[in-house]
Amino acid sequence: MRSMALVVAILGLAACGGETQETITPNENVLNLRVQGLKFVGPSEIESGWTTIRIDNTGGMTHHALVYRLPDGITPEMLDEQVVRPIQASLTATIEGDPQKAAAIAATIPAWVGELVWVGGPGMMSDGVTGEANMYLEPGNYVVECYVKSNGVQHNYNPVPGELGMVFPLTVLPDNGGMEEPEANVTLELTNGGYKIADGSFRAGKNIVRARFTEQQAYNDFVGHDAHVFRIEADTDIEAAARWPDFFPADGQQTPAPAKFVGGIHDMPQGTTGYFALELEPGEYGITAEIPDAKGKGFFQRFSVE
Ligand SMILES: [Cu+2]
């Protein structure tokens with residue numbers, strides 16, 4: 001403890017020694033959003049570089065917040081009109097038992113959808129959970145999106161024409177926010193073979209998890225390796241909870257979720273690293289991915305917190 005006190009004393013001297021009162025608090029570069037009905041609400045700009053995207057979910061149900069970059073020339077309105085609405089119409093046709101109509105509608109989605117780049121964002125968070133993810137973001141035009149389903153309707157879909165649902169336009173500015181890369185107490189590695197706890201361990205209280213996307217691939221041309229953490233209680237159907245984030249079945253990501261989801265991070269490109277915060281109580285947890293048959297592909301990791 002003595003060396004700790006010494007460090008504090010030296011930092012204190014350093015802080016007071018300059019002509020101006022300089023702060024020794026590291027720079028933060030945070031986007032704080034909250035959930036209001038089926039909307040994300042908050043500031044629409046953030047500086048570039050290391051970025052914290054924090055979502056305070058008191059919206060009454062499970063949400064997530066995929067962050068992705070829009071290709072040049074593509075606006076959030078075009079995304080809503082040409083991607084979100086056809087996917088919803090296709091889902092509705094599937095639910096109504098018309099797979100041919102569903103496929104015909106899905107075929108109208110423009111090829112530029114393949115140019116959207118998933119860059120993380122907070123994973124599944126149940127009501128009352130604050131989701132937090134850290135990524136390095138280049139300047140550009142982004143969207144923060146939730147497409148959980150309630151009563152067969154995706155949260156990104158707004159029935160009012162021209163109005164966005166949980167599709168939140170975000171501008172990442174040319175100025176760098178000066179935030180440093182976070183430090184983590186546990187490292188989760190994601191490869192084509194699944195998850196591996198590569199370093200450290202989970203603990204009670206606040207955790208910062210480093211997600212190392214060593215290998216990434218697209219499943220059904222759309223989703224990739226990511227991580228969503230849920231709490232395992234005595235009566236939790238672990239199989240159902242591990243399957244739930246898979247978007248493709250009509251009842252995938254349909255509320256209510258079969259477990260309490262406490263956070264995570266969405267897909268990021270191969271070779272990149274992101275971070276996410278978890279507030280954990282002692283108990284059992286599972287990590288699962290938004291891909292078909294996650295558990296069968298190695299994307300289920302159980303862990304305990306003492
Ligand atoms: Cu949602």
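Atoms within a ligand are numbered from 1 in the order they appear, just like the ligands themselves.
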Any ring pair (Phe, Tyr, Trp, His ring centres under 6.0 Å) pairs touching residues 38-90, not counting sequence neighbours?
W50-Y136, W50-Y275, H63-H155, H64-Y147, H64-H266, Y68-W118
Do we get K149 above Y157's six-membered ring, with its NZ or CZ under 6.0 Å from the centre and within 45° of the axis?
no
Shell of protein N/O/S atoms around the Cu ion (ligand 1), taken as anything under 2.8 Å
H63 ND1, C146 SG, H155 ND1
Sequence neighbours excluded, which residues qualify as side chain to side chain donor-acceptor pair (under 3.5 Å) partners of Q154?
N156
Please identify each residue that fulfils side-chain contact (heavy atoms from CB on, under 4.5 Å) with E306, with sequence neighbours left out.
none
Give a yes or no on this: more than 12 heavy atoms of other residues, nucleotides or ligands lie within 6.0 Å of atom NZ of K196.
no
F230 ring center within less than 6.0 Å of Y285 ring center:
no
